Protein chains: 2
Amino acid sequence: MNIPVAEAERSDSLEATPSGRGSTRERVERSLRHALLTGRFVPGRPVTLRGLAQDLGVSPMPVREALRSLAAEKALDIKPNGRVQVPTMTPERLAELQQARLMLEPELALRAAAKLNPGDARALKEIDDAIDKSIDGGDAETYMRLNHAFHFHVYRAAGSEVLLPLVESLWLQFAPFMRIVYGRVGTAALEDHHKEAIAAVASGDGPALQSAIASDIRGGMKLLQGAGYEAVPDTNSTKD
Amino acid sequence: MNIPVAEAERSDSLEATPSGRGSTRERVERSLRHALLTGRFVPGRPVTLRGLAQDLGVSPMPVREALRSLAAEKALDIKPNGRVQVPTMTPERLAELQQARLMLEPELALRAAAKLNPGDARALKEIDDAIDKSIDGGDAETYMRLNHAFHFHVYRAAGSEVLLPLVESLWLQFAPFMRIVYGRVGTAALEDHHKEAIAAVASGDGPALQSAIASDIRGGMKLLQGAGYEAVPDTNSTKD
DNA sequence: CGCGGAAAAATGTGATCACGTAGCACGGAA
DNA sequence: TTCCGTGCTACGTGATCACATTTTTCCGCG
């Protein structure tokens, strides 16, 4: 099960995240979460406690807690012998993730619609413009970060303390795999429905926003359906 | 383990969980999870790291990780100063929890139906008979344990790696509050739909099972709607 | 040249310690 | 009697250490 990826240098630009607020564990967890969501962690890749600690320049202790936290959200997998790795994807799990997203996220969007205002529509448009640029540029990492920002700008507005964490967990689960697929087929084939969503927000049309989000999920996940479950590409696509 | 277990046991209720397998952290987490699900932790009550460690006869270390894990599942709340407490319930959060349950659990039941066999129906009937007894006896803690066993016997059959953890998180969130309500209004007023569910399992009728679970959720949560958000009762159920 | 086993390195786990801080009670002053 | 400051206590956090176990390396034997 050893992957021949060269682990020459450890610095995956993890500590590049400038967020210096909060406790050390908080910073570590935020850093890991961000790395997961932008796909800097490859599924199947083992994650060692001391290695991460060294990368981040801290002791293994806060890393331990952060990993445990992420594992509880199913963003990481802790094998019975304690080794931590990014979960590998299976077609079944991906299908389940899509269905779970379709159950929760459109509902969240519907609730958010009532609280979103034209200012939010402008903010979303700004994000979406940047997304279009990143798609053209083929910058998968930036795209994923912005796409996440777009969706969660909507979801957060719902003010849901229950649904939002569930959806966050789902994103953490499919993001690493999504990144791999983007690395293979590129980001050009992406069809999102952000424009419809923005229009719905601007006009305050809840059901339209709900439907746009649902379509967006279907479009985004469709791309992932038949790609790359088997192994990690030995072409090291983790950095840059 | 070179730990001198010369400590006088402060509480029998926590380490009473017989599961002695696995690592210490695993046992601690299982113990806490069980305590949460059966309502032995009162919402709003502060949970201290060292206190719990002493109760369980271990060092604060595994407790720390277990708490962090539970907190990631929203079963515990870590305040900005680091203090841990069982989350308090609000009407809004309870309504969200019910709606989230209704989104996920009937779907899970529908998927489980295809894999449940008459043997499962018999097992469920056995659990349900015990539930009836515990309701008559007014034993809220036993009722909650069995009710959880009943539902998750069904849900687990679905074999879902994605939906099941989400539902587990939801249960951990409303269970402590549910326990308080039972302590106030008793368990006699409970109306469950387990009989319908068992019949549906026996006949392999998926939609019927789905509908029975949905009705069961509505019936169970309705009881909680207008009760006891304000303060925690002084009845200290864990120790002292 | 290939295989196997032993040595060595690395990993997770749990315990203990040091440190900064937040609560809290006690006591003195108004 | 009430209010406020000061000291004490307990807490969470992070680091370091010790240990058992697993993984990897590597050397010798077939």
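Worth saying up front: this structure is predicted, and the values here are computed from it rather than measured. Below, chains carry the letters A, B, ... as their sequence lines are ordered, and counting in each starts from 1.
With sequence neighbours left out, A/Glu65 forms a salt bridge (charged side-chain N to carboxylate O under 4.0 Å, His left out) with B/Arg64, B/Arg68. In terms of the side chain to side chain donor-acceptor pair (under 3.5 Å) criterion, residue partners of B/Glu141 (sequence neighbours excluded) are, by chain and number, B/Arg40. Legend: residues meeting side chain to side chain donor-acceptor pair (under 3.5 Å) with B/Ser134, ordered by chain and number and at least two apart, are absent. Take A/Asp77 and apply the side chain to side chain donor-acceptor pair (under 3.5 Å) test, not counting sequence neighbours, and it matches no residue.
Atoms CG (A/Leu76) and C1' (C/dG12) sit 15 Å apart, rounded to a whole Å. Between the CD atom of B/Glu26 and the P atom of C/dT13 there is a distance of 10 Å, rounded to whole Å. To the nearest angstrom, C1' of C/dT11 lies 13 Å from CG of A/Leu52. Look at CD on B/Gln85: it is 12 Å from P on D/dG12, rounded to the nearest Å. In this structure, B/Ile78 atom CD1 and C/dA22 atom C1' are separated by 16 Å, rounded to whole Å. The interatomic distance linking A/Met61 (CE) with C/dA15 (P) rounds to 12 Å, in whole Å. Put simply, CZ on B/Arg83 is 7 Å from P on C/dC24, counting in whole angstrom units.
Separation of atoms CZ (B/Arg25) and CD1 (A/Ile78) is listed at 6.0 Å; rounding is to 0.5 Å.
Residue B/Val47 is the one, among A/Val58 and B/Val47, whose nearest nucleotide of DNA chain D lies closer to the 5' end (criterion: closest heavy atom).
One finds a side-chain N or O of B/Ser23 lying less than 4.0 angstrom from the OP1 or OP2 phosphate oxygen of C/dG14. For D/dT13, the OP1/OP2 oxygens have no side-chain nitrogen or oxygen of B/Asn81 closer than 4.0 Å. Applying the 4.0 Å criterion to OP1 and OP2 of D/dG12, one finds that B/Thr48 has every side-chain N and O outside that range.
Closest to the side chain of A/Thr24, from the set C/dT16, C/dT11, D/dG14, is D/dG14. Closest approach to the B/Leu49 side chain among C/dG12, C/dT13, D/dT13 is made by D/dT13 (side chain taken as heavy atoms from C-beta onward).
Remark: B/Arg64, B/Arg68 in residues 63-72 of chain B come within less than 4.0 Å of DNA chain D through at least one heavy atom.
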Side chains of residues 93-101 of chain A: which donor-acceptor partners sit under 3.5 Å, not counting sequence neighbours?
{"residue": "A/Arg93", "atom": "NH1", "partner": "A/Gln173", "partner atom": "OE1", "Å": "2.9"}
{"residue": "A/Glu96", "atom": "OE1", "partner": "B/Ser160", "partner atom": "OG", "Å": "2.4"}
{"residue": "A/Glu96", "atom": "OE1", "partner": "B/Glu161", "partner atom": "N", "Å": "3.4"}
{"residue": "A/Glu96", "atom": "OE1", "partner": "B/Val162", "partner atom": "N", "Å": "3.1"}
{"residue": "A/Gln98", "atom": "OE1", "partner": "A/Gln225", "partner atom": "NE2", "Å": "2.8"}
{"residue": "A/Gln99", "atom": "OE1", "partner": "B/Arg111", "partner atom": "NH1", "Å": "3.3"}
{"residue": "A/Gln99", "atom": "OE1", "partner": "B/Arg111", "partner atom": "NH2", "Å": "2.5"}
{"residue": "A/Arg101", "atom": "NE", "partner": "A/Glu105", "partner atom": "OE2", "Å": "2.6"}
{"residue": "A/Arg101", "atom": "NH2", "partner": "A/Glu105", "partner atom": "OE1", "Å": "3.2"}

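In plain terms, the two heavy atoms of B/Leu36 and B/Ala175 that are nearest each other are O-CB, 3.6 Å.
B/Val28 comes within 4.0 angstrom of no nucleic acid atom, judged by non-hydrogen atoms across all strands.
Counting atom types as modelled, A/Arg50 pairs a side-chain N or O with a base atom of C/dG12 as donor and acceptor under 3.5 Å.
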